[in-house]
Novice: 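The structure follows.
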Number of protein chains: 2
Amino acid sequence: MLTISQLAAYAGVTVRAVRHYHQIGLLPEADRDASGYRRYGAKAVVSLIKIRILANAGVPLAQIGQMLQADAATFAEAVQRIDSRLHDEIERHETSRKQIAQLAAGDSLALPPEVISYLDLLREIGVGERMVEAERDGWILVVAAWPEDIPAVMAAKSAQLDDPQLVRLYRILSEIIENDDTGDDDPRLAQAADIMAGLAEQAYTSGEINPDEVSHDELPIDLLDALAVESDPRAERLLDLMRERGWAGWHRMERLAEPPD
Amino acid sequence: MLTISQLAAYAGVTVRAVRHYHQIGLLPEADRDASGYRRYGAKAVVSLIKIRILANAGVPLAQIGQMLQADAATFAEAVQRIDSRLHDEIERHETSRKQIAQLAAGDSLALPPEVISYLDLLREIGVGERMVEAERDGWILVVAAWPEDIPAVMAAKSAQLDDPQLVRLYRILSEIIENDDTGDDDPRLAQAADIMAGLAEQAYTSGEINPDEVSHDELPIDLLDALAVESDPRAERLLDLMRERGWAGWHRMERLAEPPD
DNA sequence: TGCAGGGTTGACGCAGCGTCAGGGTCAAGT
DNA sequence: ACTTGACCCTGACGCTGCGTCAACCCTGCA
């Protein structure tokens, strides 16, 4: 008669596994000797080896019992199920691998290449790293909300950088953000507001701002505004300055009915 | 401000996941409104999306926090680790798939083809299904104990089936096993013992039984004997009859010093 | 006012064991 | 007889990433 560790060794499993199989009823409890030790015969070794083979093949323990008693057809069917389950698992892991490969490659966090290039463009025109990171966070929101629109959106955005006014705006904003010790009275805030108002006016008259266009959900855009304010409270001041100039919103501008004065 | 379900929807995760991330400290707990509801800003959405991206890429939650703060080098190193972990997982699943493919193909339980053929040989010479299964269980033990010796062992075993005496022995044993209502006095037990003694004598004189040979561990062979006895108690009687004829053991014979009479 | 559809915490469940903790037992050496 | 080291026992928590109740509170609408 064998002790549990001998049994386990012959079958190539751990003692703990044997006890676990007892517990879940997969391997019948063995008789005990005078001192309460489990004692096993040769049949137990065979059973345990069968269990190990199926378990190694990826069969869930809960199914092994039935499979060992099933007829050939049922057995084959079960094998089919296991196999497709393993197949799915493999595919899931492989897509995961592709995703982490992207993580390792890109600027960071698997943003699409169009966005990465845009961020690089910003760096090239002299935008500081803090602001680039803030931009990136914004684009993370956009990508999550409308992933399929990214190529078109990014093409338009990149083209806009040809406008020297926009470049100036970015640089000014960058300077503000990079100095986190200036307050709401930083004169550059007014400069930025002036440029933004000018650009908005221009876009509006050329028809690029269409008040009836509700192509996308509103909320993500509000989120973008909120993100700016949360990231730097001076954004709130900037919004005020814009309102003074007759514009509401930030990431989607709206002309106010009557510019207050 | 967003509720938890809005936050979850924007980030593409479940509410339960968000709460879980709070619990493990991955996502900082949000401020509560007057009625105790969590309220989230845009930054939380960004954080949660980042978490989701890493989690989908197979990064363990426990590491995501560090990765989001790590510098590029540390990040890349972590990515490396994750990737090789995923790689291992995939390989493990693929070997599992190969194994279940074997399970589906073979006689059963992934025995090597040599054993399968041997069992088929037994069927061909008229051995009944019960006995074939008993044989199979025995071979499961042998395969588990000495997997690399199987081709040689099976070749020898198959060759021995050319001996008409051995074939007779198998048939007699099969008849005994197939009738489970005969007792210890079945005359076929004596017949079988006679043949076995003759075969043993023959093997001994031709030098096939070498008393000094201890090529393998003893215990698995004892297990084979024990398995026979456990499977059919009449095996015990057969061992007695063999001892009367001057032989001890079953799967490895030993000549007794003095045949008792 | 009632109801549907949010929100809250707390807890168990899942798969397959690993790994203590806190005992008793066995075999061998001194 | 005693110690020592190697095993045995049961019971219980831990791991991973949430899903899924339960039992209760809050809010907005008809």
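The shown structure was predicted, so the numbers you read here are calculated from the model rather than taken from an experiment. Chain letters run A, B, ... following the sequence lines, proteins first and then strands; every chain starts at 1.
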Novice: If you count the non-hydrogen atoms of other residues, nucleotides and ligands that lie under 6.0 Å from CD in A:Gln63, is the total more than 12?
Specialist: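 Counting neighbours around CD of A:Gln63, more than 12 heavy atoms of other residues, nucleotides or ligands fall under 6.0 Å, so yes.
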Novice: For B:Ile4, answer base if it contacts any base atom (sugar-phosphate contacts may also be present), sugar-phosphate if it contacts only those atoms, and nothing otherwise; contact means non-hydrogen atoms under 4.0 Å.
Specialist: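 Contact class for B:Ile4: sugar-phosphate only.
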Novice: Does B:Tyr21 make a side-chain donor-acceptor contact with the base of D:dG17, cut-off 3.5 Å?
Specialist: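 Side chain to base: no pair present.
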Novice: Give the rounded distance in Å between these two atoms: CG of B:Leu27 and P of D:dG17.
Specialist: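 Roughly 15 Å, once rounded to whole Å.
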Novice: Taking the minimum atom-to-atom distance to the side chain of A:Leu61, which one of C:dC17, C:dG7, D:dC18 wins?
Specialist: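 Closest nucleotide to the A:Leu61 side chain: C:dC17.
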Novice: Between D:dG17, C:dT9, C:dG6, which nucleotide has the shortest distance from any of its atoms to the side chain of B:Arg19?
Specialist: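 So the side chain of B:Arg19 is nearest to C:dT9.
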Novice: Remember a base hit wins even if backbone is also touched, and classify A:Arg39 as base, sugar-phosphate or nothing at under 4.0 Å, heavy atoms.
Specialist: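 A:Arg39: no heavy atom of the nucleic acid under 4.0 Å.
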Novice: Using a heavy-atom cut-off of 4.0 Å across all strands, would you classify B:Arg38 as base, sugar-phosphate, or nothing?
Specialist: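 The answer is sugar-phosphate, as B:Arg38 gets under 4.0 Å only of primed atoms, P, OP1 or OP2.
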Novice: Tell me, do B:Leu48 and B:Tyr40 make a side-chain contact under 4.5 Å, heavy atoms counted?
Specialist: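 With C-beta onward as the side chain, the pair stays apart.
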Novice: From CD1 of A:Ile24 over to C1' of C:dG13, roughly how many Å is that when rounded to an integer?
Specialist: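 It works out to 15 Å between those atoms.
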Novice: Measuring only between side-chain heavy atoms, which start at C-beta, is A:Val153 closer than 4.5 Å to A:Trp139?
Specialist: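 A side-chain contact exists here, since the closest heavy-atom pair is under 4.5 Å.
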Novice: Using the C1' atoms of five pairs at each end, what's the angle between the two axes of the helix from C:dT1-D:dA30 to C:dT30-D:dA1, to 10 degrees?
Specialist: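 If I round to tens, the end axes sit 30° apart.
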Novice: Starting from P on D:dG17, measure out to CZ on A:Arg92 and report it in whole angstrom.
Specialist: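 The answer, rounded to whole Å, is 12 Å.
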Novice: Tell me whether the side-chain N/O atoms of B:Thr3 come closer than 4.0 Å to OP1 or OP2 in C:dG7.
Specialist: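 Affirmative; the distance criterion is met.
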Novice: Quickly work out the B:Gln6 CD to C:dG5 P distance and round it to whole Å.
Specialist: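 So the CD-P distance, B:Gln6 to C:dG5, works out to 17 Å.
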Novice: If you measure from the Lys or Arg side-chain nitrogens to the Asp or Glu carboxylate oxygens, is any gap between B:Arg85 and B:Asp88 under 4.0 Å?
Specialist: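 No.
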Novice: CZ of B:Arg85 versus C1' of D:dT16: gap in Å, rounded?
Specialist: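 It works out to 10 Å between those atoms.
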Novice: Determine whether any donor atom in the side chain of A:Arg16 lies under 3.5 Å from an acceptor atom in the base of C:dT19, or the reverse, and answer yes or no.
Specialist: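 Looking at the base of C:dT19, it does pair with a donor or acceptor on the side chain of A:Arg16 (distance under 3.5 Å).
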Novice: For A:His93 and D:dT16, give me the distance from atom NE2 to atom C1', rounded to whole Å.
Specialist: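 About 12 Å, once rounded to whole Å.
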Novice: Return no unless some side-chain N or O of B:Ser35 is found under 4.0 Å from OP1 or OP2 of C:dG7.
Specialist: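 It does not, given that no N or O in the side chain of B:Ser35 lies less than 4.0 Å from OP1 or OP2 of C:dG7.
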Novice: Can you check the B:Gln23 CD to D:dG14 C1' distance for me, whole Å?
Specialist: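 Atom CD in B:Gln23 sits about 15 Å away from atom C1' in D:dG14.
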Novice: For B:Val18 and for A:Glu29, locate the closest nucleotide of DNA chain D by heavy-atom distance; then report the residue assigned to the nucleotide nearer the 5' terminus.
Specialist: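 So the residue in question is A:Glu29.
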Novice: Under the criterion side-chain contact (heavy atoms from CB on, under 4.5 Å), which of A:His93, A:His87, A:Glu94 is the partner of A:Ile90?
Specialist: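 Between A:Ile90 and the candidates, side-chain contact (heavy atoms from CB on, under 4.5 Å) is satisfied uniquely by A:Glu94.
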Novice: Select one nucleotide: of C:dT8, D:dG17, C:dG24, the one nearest the side-chain heavy atoms of A:Tyr37.
Specialist: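 Nearest listed nucleotide: C:dG24.
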Novice: Does B:Ile64 reach the side chain of B:Tyr21, with side-chain heavy atoms less than 4.5 Å apart?
Specialist: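 Not touching, per the 4.5 Å side-chain cut-off.
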Novice: Going by the side-chain contact (heavy atoms from CB on, under 4.5 Å) test, name the single residue among B:Val79, B:Leu61, B:Leu68 that passes it with B:Leu54.
Specialist: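 Of the listed residues B:Val79, B:Leu61, B:Leu68, the side-chain contact (heavy atoms from CB on, under 4.5 Å) partner of B:Leu54 is B:Leu68.
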Novice: For D:dC18, does OP1 or OP2 lie under 4.0 Å from any side-chain N or O of B:Thr14?
Specialist: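 Checking B:Thr14 against D:dC18: no side-chain N or O falls below 4.0 Å of OP1 or OP2.
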Novice: CG of A:Leu48 versus C1' of C:dG16: gap in Å, rounded?
Specialist: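 Going from CG in A:Leu48 over to C1' in C:dG16 covers 14 Å.
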Novice: Do A:Val142 and A:Pro220 have side-chain heavy atoms sitting under 4.5 Å apart?
Specialist: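 They are not in contact (no side-chain heavy atoms under 4.5 Å apart), so the answer is no.
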